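The figures here come from the full heavy-atom set of this structure, side chains too, leaving out hydrogens, waters and symmetry mates. What you see is a predicted model, and the numbers here were worked out from it, not measured in a lab.
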Amino acid sequence: MAEWANAFERRLYSLENLICSISLLVMLFTVAFGVCIRFFDWPIANVAEWAIVAMSPLTFVGSAMCSRMQMHISVDFIEQARSVLLKRAAQLVVAVLMLGFSAIYAWLGWSLFDDAMLSGERMLDMGTPLYIPVFFFFAGMVFMGIHGVFDLLRAVCARRPAARIAEAAR
Amino acid sequence: MIVSSLLLLLVLGVPIAVAFALVVIANAEAWNIDPFSLAAMPFDTVSNFSLLAIPLFLLVGELMNRGGLVRQLTAVCDLFMSRIRAPMGHIMVLASALMGAITGSSVATVAAIGGTVGVEMRQRGYPRGYTAALNAATGLLGVLIPPSIPLILYGAIVGVSITNLFIASIVPGILTIIVFSLIHAVISRRVLTGGQESLPQAPVIAKSAGPTRKLRVLVRAIPALMLPVLVLGGIYSGVFTATEAAAVAGIYALAITMLTRQASTSDLKKILEHAALASAAILAIIAFTSIFNRAMILEQVPQSITEIATSFTGSPILFLLAVNVALLLIGMFMETNAATLLMGPLLAPAAVNYGIDPVHFGVMLVTNIEIGLLTPPLAANLYVAQRTNEAKLTEMFGFVMWFLGGSLVVLALITFVPALTTWYQFL
């Protein structure tokens with residue numbers, strides 16, 4: 001596959017990694033800070049709400065990371081098969097299904113985001129707008145879809161999945 | 001039809017989260033599921049404070065691995081267990097029980113122990129498949145050793161004393177520890193070269209090490225030993241919850257790692273990346289299987305299974321047998337907390353009618369549904385252990401069968417020897 005495509009996917013992965021790493025740090029520090037707020041009875045709203053907000057990017061943008069690295073949890077019967085043809089056929093079917101799944105959920109995520117924007121709903125403790133975590137649901141599914149397109153192209157061109165390319169490079 | 005299409009997708013290698021979601025999407029119209037809720041449900045499911053424990057404990061595991069805390073802990077365990085053959089497996093069993101007493105959650109226990117003790121086991125020559133299988137099985141102790149989230153749910157919804165449920169689950173928990181340790185003692189002879197662990201790293205203490213050296217190992221391990229003290233002390237003194245304990249443990253592990261300069265900035269980036277990948281893979285399953293759970297509830301599948309199980313017999317023994325079979329089936333397809341919330345109120349009144357103690361029944365029900373975490377297609381413990389131990393499912397299945405068999409023996413004992421759970425009533 002063209003070098004530009006690989007470079008684009010690598011950059012997209014770096015962005016996803018940055019979002020998820022920040023989410024993890026937000027969870028770690030806000031939950032711990034929430035304990036301090038309660039223990040010392042500080043007059044501050046519960047910041048642990050941001051930890052719950054961070055669950056959305058970690059789950060859905062993280063799912064896109066898993067797609068890129070082929071790290072989704074799956075049953076690996078086909079991988080044990082000896083027939084290369086069978087493996088390629090399965091790779092193609094999985095790529096099509098993943099793309100279909102991401103497309104459906106990107107659309108559903110957009111509907112949810114649109115609804116959250118229109119309703120102006122906010123979370124209880126800090127008043128964080130609900131559309132922020134919902135946006136990451138939508139973004140994660142779009143990112144997953146982009147990886148899905150590249151995976152499909154690789155399957156059609158009978159190339160190895162992205163994670164294996166990275167593995168071989170190491 | 002639904003089960004066969006689900007199995008086909010799984011065999012093809014479609015990610016588990018995606019396979020469950022696709023089956024529901026394909027049947028959404030037949031099940032009267034609103035397309036909007038297909039998106040809202042996964043989002044709502046993960047926007048949950050108690051689920052934060054999973055990524056946070058995974059992060060703690062990564063920090064402990066790379067920060068050298070696990071090496072220090074295993075060195076201490078070696079001091080006390082070096083005379084036992086294949087000690088790391090026994091350490092995994094005991095450490096899971098300890099984590100169970102911290103988290104109350106099976107999946108969180110698997111994640112935390114797999115990321116720490118699992119790494120050391122692999123370095124000592126255990127095959128990945130066996131390490132992951134033992135890790136997945138010992139995760140059951142996360143729920144059987146009190147506190148236990150599913151037992152709290154059962155007690156709250158059925159109206160039984162949660163304290164009594166916790167006391168009742170102690171003996172089954174200890175039984176499970178003994179059974180798993182016995183299985184490990186037998187299988188480790190086969191999986192290890194020469195039946196002995198290989199000792200790859202420095203912290204391992206020779207059996208003849210002098211008291212000064214042993215003391216030095218203990219002193220060096222103080223920061224690592226303080227971690228469970230901090231977590232357990234914090235939870236039982238009421239300062240923080242299990243989820244908060246994960247965050248406090250994470251800050252502590254991060255501070256120790258930075259202060260002892262065990263990890264550079266680029267190592268920290270890698271730690272965060274690994275923890276994020278492992279967390280996302282697990283959370284995606286929890287998020288997208290929630291719609292399948294809802295579909296099953298809407299279709300009244302659990303109710304139908306219960307009806308069949310309770311309609312044909314007047315004997316309490318046959319009733320318990322039928323309920324166990326039904327629950328094992330349900331545990332294969334439903335998440336633990338959802339299954340407990342659904343099956344508890346459905347079955348507990350029938351059990352009381354048969355003269356079965358509701359506390360005894362609760363422990364049996366939760367143990368049974370927990371075993372479902374080892375049985376595909378919805379086998380969270382297997383998948384988390386696979387991810388944290390970098391094993392393949394096919395490498396795990398052969399070994400998991402042993403532990404599944406052991407769990408079923410414990411379940412049979414809990415079911416047909418009520419005194420194992422109701423002993424406290426005779427005190």
Quiz item: Side chain, backbone, both or neither: which part of Ile251(B) has an atom under 4.5 Å from a heavy atom of chain A?
Solution: both
Quiz item: Quick one: OG on Ser47(B) to CD on Glu49(A), what's the gap to the nearest 0.5 Å?
Solution: 11.0 Å
Exercise. Assess the pair Phe240(B) and Phe39(A): is the distance between their ring centroids shorter than 6.0 Å?
Key: no
Practice problem: Check whether any side-chain heavy atom of Cys66(A) sits under 4.5 Å from a side-chain heavy atom of Leu277(B), and report yes or no. | Solution: yes
Exercise. Return the option, out of Ser279(B), Gly250(B), Ala280(B), Ala284(B), with the maximum number of heavy-atom pairs under 4.5 Å with chain A.
Key: Ala280(B)
Self-check item: Heavy-atom pair with the smallest gap, counting every atom of Ala247(B) and Ala32(A)
Solution: CB-N, 3.8 Å
Practice problem: May I ask you to test the Ile52(A)-Asn48(B) pair for a side-chain heavy-atom distance under 4.5 Å? | Solution: no
Quiz item: Side chain, backbone, both or neither: which part of Ile104(A) has a heavy atom under 4.5 Å from chain B?
Solution: side chain
Exercise. Mind listing the closest non-hydrogen atom pair of Ala276(B) and Cys20(A) along with its distance?
Key: CB-CB, 3.7 Å
Quiz item: Which bit of Tyr252(B) comes within less than 4.5 Å of chain A, counting heavy atoms only: side chain, backbone, both or neither?
Solution: neither
Exercise. May I ask you to name which of Ala90(A), Ser111(A), Pro133(A) has the most heavy-atom pairs under 4.5 Å with chain B?
Key: Pro133(A)
Quiz item: Considering only heavy atoms from C-beta outward, does the side chain of Met55(A) approach that of Phe43(B) to under 4.5 Å?
Solution: no
Self-check item: Among Thr59(A), Leu24(A), Leu28(A), side-chain contact (heavy atoms from CB on, under 4.5 Å) partner for Pro55(B)
Solution: Leu24(A)
Quiz prompt | Closest contact, heavy atoms only, Ala39(B) versus Leu108(A) | solution = CB-CB, 3.6 Å
Self-check item: Within 6.0 angstrom of Phe135(A) CZ, more than 12 heavy atoms from elsewhere
Solution: no
Self-check item: Engaged part of Phe138(A) at the chain B interface, taking heavy atoms whose separation is under 4.5 Å
Solution: neither
Exercise. Select one option (side chain, backbone, both, neither) describing which atoms of Leu254(B) are under 4.5 Å from chain A's heavy atoms.
Key: side chain
Quiz item: Going from NE2 on His72(A) to CD1 on Ile285(B), what distance comes out if it is rounded to the nearest 0.5 angstrom?
Solution: 9.5 Å
Quiz item: What's the verdict on side-chain contact (heavy atoms from CB on, under 4.5 Å) for Val18(B) and Met144(A), showing C-alpha distance, side-chain angles and the deciding distance?
Solution: CA-CA 12 Å; Val18(B) 177; Met144(A) 208 168 158; 4.3 Å; yes
Practice problem: Below 4.5 Å from any heavy atom of chain B, which atoms of Val134(A) appear? Answer side chain, backbone, both or neither. | Solution: both
Exercise. Measure the spacing between OH of Tyr105(A) and CD1 of Ile25(B) and express it to the nearest 0.5 Å.
Key: 4.5 Å
Quiz item: Distance from Leu22(B) atom CG to Leu97(A) atom CG, nearest 0.5 Å?
Solution: 6.0 Å
Exercise. Nearest 0.5 Å please: distance from the CD atom of Glu273(B) over to the CE atom of Met65(A).
Key: 5.0 Å
Exercise. Check whether Val93(A) gets within reach of chain B through its side chain, its backbone, both or neither, counting any heavy atom under 4.5 Å.
Key: side chain
Quiz item: Can you say whether Leu58(B) sits under 4.5 Å from chain A via the side chain, the backbone, both, or neither, judging by heavy atoms?
Solution: neither
Self-check item: Full working for side-chain contact (heavy atoms from CB on, under 4.5 Å) between Val14(B) and Phe101(A)
Solution: CA-CA 11 Å; Val14(B) 175; Phe101(A) 167 83; over 6 Å; no
Practice problem: Can you measure from CG (Asp44(B)) to CG (Leu112(A)) and round to the nearest 0.5 angstrom? | Solution: 8.0 Å
Exercise. May I ask you to test the Phe60(A)-Leu283(B) pair for a side-chain heavy-atom distance under 4.5 Å?
Key: no
Self-check item: Which portion of Met123(A) sits near chain B, non-hydrogen atoms under 4.5 angstrom
Solution: neither
Quiz item: Are side-chain heavy atoms of Pro15(B) and Met98(A) found at a separation under 4.5 Å?
Solution: yes
Exercise. Name the member of Ala21(B), Ala281(B), Ala19(B), Ala275(B) that forms the most heavy-atom pairs with chain A at distances under 4.5 Å.
Key: Ala281(B)
Quiz item: Above 12 or not: heavy atoms from other molecules or residues under 6.0 Å from CG of Leu124(A)?
Solution: no
